[in-house]
Amino acid sequence: MSIQELSEQEIIRRNSLQRLRELGIDPYPAPEYTINANAAEIKENFNAEEKNFQDVSLAGRIMGFRIMGKAAFAELQDHTGRIQIYVNRDEICPGEDKTLYNEVFKKLLDIGDIIGVKGYVFITQTGEISIHVKEFTILNKSLRPLPIVKEKDGKTYDAFTDPEQRYRQRYVDLIVNPQVKDVFVKRTKIVNTMRQMFNEYGYFEVETPILQPIPGGATARPFITHHNSLNIPLYLRIANELYLKRLIVGGFEGVYEFAKDFRNEGMDRTHNPEFTVMEIYVAYKDYKWMMNFTEQICERVALALHGTTKVQLGDNVIDYKAPYPRVTMTEAIKTHTGFDISGKNEKELREICDKLGIETDPTMGKGKLIDEIFGEKCEHHYIQPTFITDYPVEMSPLTKKHRDNPELTERFELMVNGKELANAYSELNDPIDQRERFEDQLRLSEKGDDEAMFIDQDFLRALEYGMPPTSGMGMGIDRLTMFMTNSASIQDVLFFPQMKPEKKAIELTEEEKTVMALLKEKSPVALAEIKEKSGLSNKKWDVSIKKLTSNKLATVAKVGDELMVELV
RNA sequence: GACUCAGUAGCUCAGCAGGUAGAGCACAUCCCUUUUAAGGAUGGGGUCCUGGGUUCGAAUCCCAGCUGGGUCACCA
């Protein structure tokens, strides 16, 4: 990067960096900086009478300056928050030489620099707990200005809000928008809470392949890649279900995985091409047991995060207190549409869809039609946590048939705020039934359903060796985090959401190069003449010459009645 | 993918019956106090997203594109 591409502020900071080196100060020192306190604990525990925190050492990023004559205040931000520091000239510089204060502190430091300070805690006249600095150390010189957000009386000024910049430069977002960090702290707490719970139960955290020869366990379009040595296509997993079940076959009685899954589909407020799902499989359990277990997870996570089971989400307050209502899909459809779908065939279901104003197409089978009715007419009603149970067999190819009704399966989805949060089954472990279900999927695929499942022969082989009755559940961690942190968009709960690639800035354009070449032939030259020679449109000419003059490569001056262009 | 809104200084934004750009913060120089979105004075800083068109003249009008937001669709 040439110096010309730097902004004035960046140049000033680079000059400051140079000046620090001239003064014998290393702007990027190597030694460990020992810290014995942080902003939050000082603010929480300082007591003026007890005279505690009288020898503190902490480090952080400078987020604000209030510099005066021989005293200065700055805001220091560490991972726990911000605290004010007070710097007095004659204490920092006891002798005659005041360079350290007048030049280094006041001029060479900028917002964004990382420093360490040692001193004692006191309360200022305005009542602010602050650190009286006796010694400071530059730990990192920042070369780019941060967008500084200011706040007074609850009003925010100059907020850093542009979503594109916030997502592309999440590091900046995290520095200047403290509430952003809070979401990610909560996200980790959610995962830790779940992991702790599963481990208490004695379940086993595992890792299974992300690169899979057959993308199974869900219905979705996969990302495809290629393995050079083996010369075979491989898919990024869309789910890990079939591998976790193989482990149950292998003798583990409870396995779980926090898995990144990948789906090559649309992106929107609730979908990112890579996302995180927790899947858990427990042997000798059924979906009824899993409902109880799932309630416990949600209740426990809500309590861990908020100390209560009631969590604000948009305009609603969701109460995660167990137990949650269990509603069969048939009941749900009956309640919200008045139609009883039980025992209806495909033709009858299509008629119901017509009456409800739901569009259908010929590729839709029975299961898909029922799914459409539920999705259109019922799903959004379930704001408070509710288990929707007993899905039709056609749309649940990995689920055991219902113990009381072979048309249905032992499956539930946990609905929260009108959206699916978790999906669980009594897992299908009858290998012959499983093979038939896969073959049904194949027929659907031939009928035009492009997201029907592939047949995984190795998985069938595993089932033929025998899998104990098992219940499994998958929960969307991104979605759970959105619910638990009141975030409207999945981008707000992912550190680095998928974005289109950033466009690179170009240097001189072809047009500008043309003008420069002409100028090198003849300079000064009449503006009209060179414009003519360049063959550029009015606008192109205008833009090019402005760029050149602004970069001080050429000048335009009026000589007599004629405009002249001159190479600088 | 469709519709819609937006893209102007490092940040937040104003300017748009077309006449080559402004504010606050940030930055620089100076004054100053235990101050707080500090205050006061002065100053520097802009491919007005890109390309094309209309025009004597475009940040402003028209067309196309790029990037992003929102809504919807597809998709779990």
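Below, chains carry the letters A, B, ... as their sequence lines are ordered, and counting in each starts from 1. FYI, side chains are in, hydrogens and waters are out, and symmetry mates aren't considered; it's all heavy atoms of this structure.
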Taking [M] as the reference, what is the distance to [N] when you measure between their [atom1] atoms (whole Å, please)?
{"N": "rC62(B)", "M": "rU4(B)", "atom1": "P", "answer": "14 Å"}
{"N": "rU47(B)", "M": "rU55(B)", "atom1": "P", "answer": "29 Å"}
{"N": "rC63(B)", "M": "rG45(B)", "atom1": "P", "answer": "36 Å"}
{"N": "rG44(B)", "M": "rA9(B)", "atom1": "C1'", "answer": "11 Å"}
{"N": "rC48(B)", "M": "rA14(B)", "atom1": "C1'", "answer": "12 Å"}
{"N": "rC66(B)", "M": "rA41(B)", "atom1": "P", "answer": "48 Å"}
{"N": "rG22(B)", "M": "rG15(B)", "atom1": "P", "answer": "15 Å"}
{"N": "rC49(B)", "M": "rC11(B)", "atom1": "P", "answer": "13 Å"}

Name the nucleic acid region contacted by [X], choosing base, sugar-phosphate or nothing; use a 4.0 angstrom heavy-atom cut-off, strictly under.
{"X": "Glu413(A)", "result": "base"}
{"X": "Lys419(A)", "result": "nothing"}
{"X": "Arg263(A)", "result": "sugar-phosphate"}

Could you identify the nucleotide paired to [N], looking across every strand shown and requiring Watson-Crick or G-U wobble geometry with both distances under 3.5 Å?
{"N": "rU36(B)", "value": "none"}
{"N": "rC27(B)", "value": "rG43(B)"}
{"N": "rG22(B)", "value": "rC13(B)"}
{"N": "rA59(B)", "value": "none"}
{"N": "rG68(B)", "value": "rC5(B)"}

Atom [atom1] of [X] to atom [atom2] of [N]: distance rounded to whole Å?
{"X": "Asn102(A)", "N": "rC32(B)", "atom1": "CG", "atom2": "P", "value": "11 Å"}
{"X": "Ile490(A)", "N": "rA76(B)", "atom1": "CD1", "atom2": "C1'", "value": "11 Å"}
{"X": "Arg168(A)", "N": "rC66(B)", "atom1": "CZ", "atom2": "C1'", "value": "11 Å"}
{"X": "Glu8(A)", "N": "rG43(B)", "atom1": "CD", "atom2": "C1'", "value": "10 Å"}
{"X": "Asp268(A)", "N": "rG70(B)", "atom1": "CG", "atom2": "P", "value": "10 Å"}
{"X": "Glu164(A)", "N": "rG70(B)", "atom1": "CD", "atom2": "C1'", "value": "15 Å"}
{"X": "Glu372(A)", "N": "rA73(B)", "atom1": "CD", "atom2": "P", "value": "11 Å"}
{"X": "Tyr167(A)", "N": "rG70(B)", "atom1": "OH", "atom2": "P", "value": "7 Å"}

Per atom distances to the Glu265(A) side chain, the nearest of rU36(B), rC75(B), rA28(B) is rC75(B)
Can you sort out the partners of Asp268(A) under side chain to side chain donor-acceptor pair (under 3.5 Å), two or more places apart, ordered by chain and number?
Thr270(A), His271(A)
The side chain to side chain donor-acceptor pair (under 3.5 Å) partners of Lys70(A) (sequence neighbours excluded) come to none
Listed in order of residue number, which residues of residues 269-281 of chain A have a non-hydrogen atom at under 4.0 Å from RNA chain B?
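Heavy-atom cutoff 4.0 Å gives Arg269(A), His271(A).
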Within residues 117-136 of chain A: residues closer than 4.0 Å to RNA chain B (heavy atoms)
Phe122(A), Thr124(A), Gln125(A), Thr126(A), Glu128(A)
Please list, chain by chain and in numerical order, all residues satisfying side chain to side chain contact (heavy atoms under 4.5 Å, CB included) with Ile114(A), sequence neighbours excluded.
Arg61(A), Leu139(A), Asn140(A)
Do [X] and [Y] have side chains that get closer than 4.5 Å, going by heavy atoms?
{"X": "Val133(A)", "Y": "Lys118(A)", "result": "no"}
{"X": "Phe387(A)", "Y": "Tyr324(A)", "result": "yes"}
{"X": "Ile373(A)", "Y": "His336(A)", "result": "no"}
{"X": "Val416(A)", "Y": "Tyr382(A)", "result": "no"}

Walk along nucleotides 2-12 of chain B from 5' to 3' and tag each nucleotide B, S or - by protein heavy-atom contact under 4.0 Å, base first, then sugar-phosphate.
--------BBS
Would you please indicate if the ring centroids of [X] and [Y] are separated by under 6.0 Å?
{"X": "Tyr425(A)", "Y": "Tyr287(A)", "result": "no"}
{"X": "Tyr235(A)", "Y": "Phe223(A)", "result": "no"}
{"X": "Phe65(A)", "Y": "Phe105(A)", "result": "yes"}

I want to verify the glycosidic state of rA17(B); is it syn or anti under the 90° rule?
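Syn.
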Applying salt bridge (Lys or Arg N to Asp or Glu O under 4.0 Å), name anything that partners [X], two or more places apart in sequence or on another chain.
{"X": "Glu8(A)", "value": "none"}
{"X": "Glu75(A)", "value": "Arg66(A)"}
{"X": "Asp261(A)", "value": "Arg237(A)"}

Short side-chain N/O contact from Lys106(A) to OP1 or OP2 of rA28(B), under 4.0 Å:
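Looking at the OP1 and OP2 atoms of rA28(B), neither is under 4.0 Å from any side-chain N or O of Lys106(A).
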Under 4.0 Å: is that the gap between some side-chain N or O of Gln491(A) and OP1 or OP2 of rG68(B)?
no
Which residue pairs satisfy the salt bridge (Lys or Arg N to Asp or Glu O under 4.0 Å) criterion with at least one member in residues 408-418 of chain A, sequence neighbours excluded?
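Every pair satisfying salt bridge (Lys or Arg N to Asp or Glu O under 4.0 Å) with a residue in residues 408-418 of chain A: Arg403(A)-Glu410(A), Arg411(A)-Glu413(A).
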Output one line per pair: protein atom, nucleotide atom from nucleotides 38-40 of chain B, and distance, for all N/O pairs under 3.5 Å.
| unit_1 | atom_1 | unit_2 | atom_2 | d |
| --- | --- | --- | --- | --- |
| rA38(B) | OP1 | Lys150(A) | NZ | 2.6 |
| rA38(B) | OP2 | Arg66(A) | NH1 | 2.9 |
| rA38(B) | N6 | Ile67(A) | O | 3.0 |

Anything under 3.5 Å between a donor and an acceptor, one on a side chain of residues 487-499 of chain A, the other on a protein residue two or more places apart or in another chain? List them.
| unit_1 | atom_1 | unit_2 | atom_2 | d |
| --- | --- | --- | --- | --- |
| Ser487(A) | OG | Thr485(A) | OG1 | 2.8 |
| Ser489(A) | OG | Gln491(A) | N | 3.1 |
| Asp492(A) | OD1 | Tyr167(A) | OH | 3.0 |

Please name the pair of heavy atoms, one in Gln212(A) and one in Gly216(A), separated by the smallest distance, quoted to 0.1 Å.
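Distance-wise, the nearest heavy atoms are OE1-N, 3.9 Å.
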